[in-house]
Visitor: 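Here you go, one structure.
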Amino acid sequence: MSCQHKFCPPARTTRIFLTMVSLGICLSPGDWPLSGFEQATGGKVLRRFAWADHPQVERMQVEGEQPAREPRDDAAKDARQRVDLALQTLDYTQPPAPELLADLKRLVESHDVDDLVRRRAAIALARLGSRAPSGVVSLKQVLTEVKSGKEPASTLLWVLPALGRYGSLAYDTAADLALIAFDSHYPEEIQLSAIAALVEMGATREGLTVIEKLLTNRHLPLELRTAGMQGVIAYRQEASMLLPQVMRWLDDEDFALRAMAAEAIGGFGERAMVAEERLAAMFLDDPAPLARESAGQALLAISPQPPLWIINIYDETVTEIAKVEAAMSSESLASISGRIADELQAELALRLAALRLRQLEILRLMGSTRDWPQRVTNPAGRPAASELNQWKLWRVRFAAALKSDSLKVSLMALEILLRSNALESVEWQPVIQRGLLSSSPEERRATVMLFQKYPWDARCQTWLEGLLKDLQGQTLQVEGQTSAIHAQRGAEQRLETLQRTDGVADRQVVQQAATHQRRLLSQQIAAVRAALRAVETRKVPAP
């Protein structure tokens, strides 16, 4: 006999949910509305099923907390329903209605609702921030209850982030957060949450003390050390007093920490000029690309203008590339045969790849992080002599890089000139043609992206249309050659067989080559058409 109680869920609904649970189909509790599963006994059973496989349940059950509590307090229950409706349309740029603010605070402080409900209310208060300053009082009260043992430690996982988001309004809790950060009785995830809250709160004395301890102790777990470095990056110049500690991490075994240390030093600005030599060595010699890039960015951040030694390093790199290329094609190497020649060729190829990578990284550093046209003119409108001189020196090198055998280098140089609006008297057509007609999909996409990111004039459109016609003509020629192979007469086939060791195999090779050529031409035509569409969309009037 089916239950007729008005609060019991229909039997069909119960069967659907039980089937979903048995199949492993379970929505995340964080996605449920606050009033979800507000039902009687049957509803409670369903909610416990749905919670069963959630990763938070095990932790909450170990700590003795029931994940599916129903509010015993009618006021809390009503508040949950009202908040659930209000949060769907809440404008976080405006102060909340007094009734809603009271409900949010009541849910945060309540012991009669689920932690997920309290978490959502706390996050809503944190997002309101200074528009709901009294919400900090409720969060502080919960923090106090955790310290006294009235609340489980897992509550900190949503209280601490909310306090951090409140910023300066929660400064007086910084001391408590600092104690939690180094209290080994708490799980590491709670310690990390306390550190993150201190960082997000803004530079405080307690926060700087915590970060200094994290940087000094190299025996801490990697996650805690990483959190300390993230704090330095966030505090920027407020943490410049920690420069000696941060510089020690430039030699850390973990490349990600080395990169973060370089980024942190860059945030100190000109105060970190003493680190220039160490960053330069890291930029040139660190085996990790991420660490090299971070060191280069830091060099430009702490220096008022690019160091001149970067030009010298770039010129030496280009000279070495020319020497290695000459050695690879020299007659002396060609005269050597056997395994020794192969080893020499492989060694030179590796050397060439490393040099081209360095050239590319220097170009990327000098181009992507500096807006040259704006920097060569000071606010008063007069050219800044030092910056103007450097721009002239680098522009010559950008233009020369367009002729590099490496298409990646040429495309990088072209993008720098495009970003700087300095394409005058530059032959960009060969680079674009190499990119659009490349057999590499990545290089074709990179070339098309230049047309999508930067405006091109009508002359470029005309040139692309001509290139498209050439490709279409090549396609017709390849198709004609393929048709001729299929139309070959029997006598010609027999003659071909006599003239070649295996005429049939040769014809198959020709057909395969033609098929490959047609496919490549089709891809190249698609790339040119994509470039044309981008030009038509972003086109500027011809000068």
Side-chain angles (χ1 to χ4, degrees), residues 160-161 164-165 167-168 171 174 177-178 181-182 188 191-307 309-310 361-362 364-366 368-370:
L160 295 176
R165 193 154 186 172
S168 59
Y171 272 0
L177 270 59
F182 289 104
E188 187 176 294
Q191 293 178 280
L192 290 171
S193 184
I195 297 169
L198 281 170
V199 171
E200 188 171 12
M201 192 177 290
T204 60
R205 182 179 56 190
E206 294 82 1
L208 287 169
T209 302
V210 167
I211 291 173
E212 184 177 8
K213 290 181 179 179
L214 291 172
L215 296 182
T216 304
N217 189 351
R218 286 179 173 263
H219 301 291
L220 290 173
L222 177 63
E223 290 77 8
L224 291 176
R225 291 184 292 152
T226 302
M229 198 61 70
Q230 288 172 339
V232 179
I233 294 172
Y235 284 172
R236 297 181 66 82
Q237 295 194 17
E238 287 85 349
S240 58
M241 64 186 72
L242 303 177
L243 176 62
Q245 290 90 330
V246 176
M247 286 187 64
R248 297 190 188 102
W249 292 98
L250 295 176
D251 300 314
D252 193 81
E253 295 180 355
D254 189 278
F255 75 92
L257 274 176
R258 297 199 302 271
M260 293 178 67
E263 183 181 355
I265 292 173
F268 299 156
E270 296 185 22
R271 299 179 184 181
M273 284 295 295
V274 294
E276 180 180 6
E277 184 176 350
R278 180 65 189 85
L279 290 171
M282 184 174 173
F283 172 63
L284 296 175
D285 301 324
D286 196 287
L290 178 63
R292 294 197 300 269
E293 181 181 357
S294 298
Q297 298 285 353
L299 280 170
L300 294 188
I302 67 177
S303 179
Q305 56 182 285
W309 59 262
I310 296 182
E361 289 179 341
I362 295 177
R364 183 183 296 115
L365 175 67
M366 300 309 301
S368 63
T369 61
R370 305 186 68 80

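In this text, all values refer to a predicted model and were calculated from it rather than measured experimentally.
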Visitor: CZ of R248 to CG of L242: how many Å apart, nearest 0.5 Å?
Guide: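 Here the rounded value is 10.5 Å.
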
Visitor: Validate the cation-pi geometry between R218 and W249: distance from NZ or CZ to the six-membered ring centre under 6.0 Å, angle to the ring axis within 45°.
Guide: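 Yes; both conditions hold, so R218 lies above the ring face of W249.
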
Visitor: Got L215 and M229 here, is their nearest side-chain heavy-atom distance under 4.5 Å?
Guide: yes

Visitor: So V199 and I233, do their side chains get closer than 4.5 Å, heavy atoms only?
Guide: no

Visitor: Just to verify, which of M366, E293, R292 counts as forming a side chain to side chain contact (heavy atoms under 4.5 Å, CB included) with E361?
Guide: R292

Visitor: My understanding is that only one of L220, T209, V232, T226 makes a side chain to side chain contact (heavy atoms under 4.5 Å, CB included) with L214; could you say which?
Guide: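 The side chain to side chain contact (heavy atoms under 4.5 Å, CB included) with L214 is passed solely by L220 among L220, T209, V232, T226.
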
Visitor: A side-chain contact here means heavy atoms from C-beta on lying under 4.5 Å apart; do P221 and E188 qualify?
Guide: yes

Visitor: So if I apply the side-chain hydrogen bond (donor to acceptor under 3.5 Å, both in side chains) rule between R258 and each of D286, D251, D252, which one comes out positive?
Guide: D286

Visitor: Is it the case that more than 12 heavy atoms not belonging to F182 sit under 6.0 Å from its CZ atom?
Guide: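 Yes, the 6.0 Å shell around CZ holds more than 12 heavy atoms from other groups.
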
Visitor: Would you check, one step at a time, whether the test side-chain contact (heavy atoms from CB on, under 4.5 Å) holds for I195 with I211?
Guide: CA-CA 8 Å; I195 297 169; I211 291 173; 5.7 Å; no

Visitor: What I'd like to find out is whether the side chain of P307 reaches to under 4.5 Å of the side chain of E276, using heavy atoms alone.
Guide: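 Result yes, sub-4.5 Å side-chain heavy-atom pair found.
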
Visitor: Could you verify whether a donor N or O on one side chain and an acceptor N or O on the other, from E263 and Q297, lie under 3.5 Å apart?
Guide: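 No, no side-chain donor-acceptor pair sits under 3.5 Å.
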
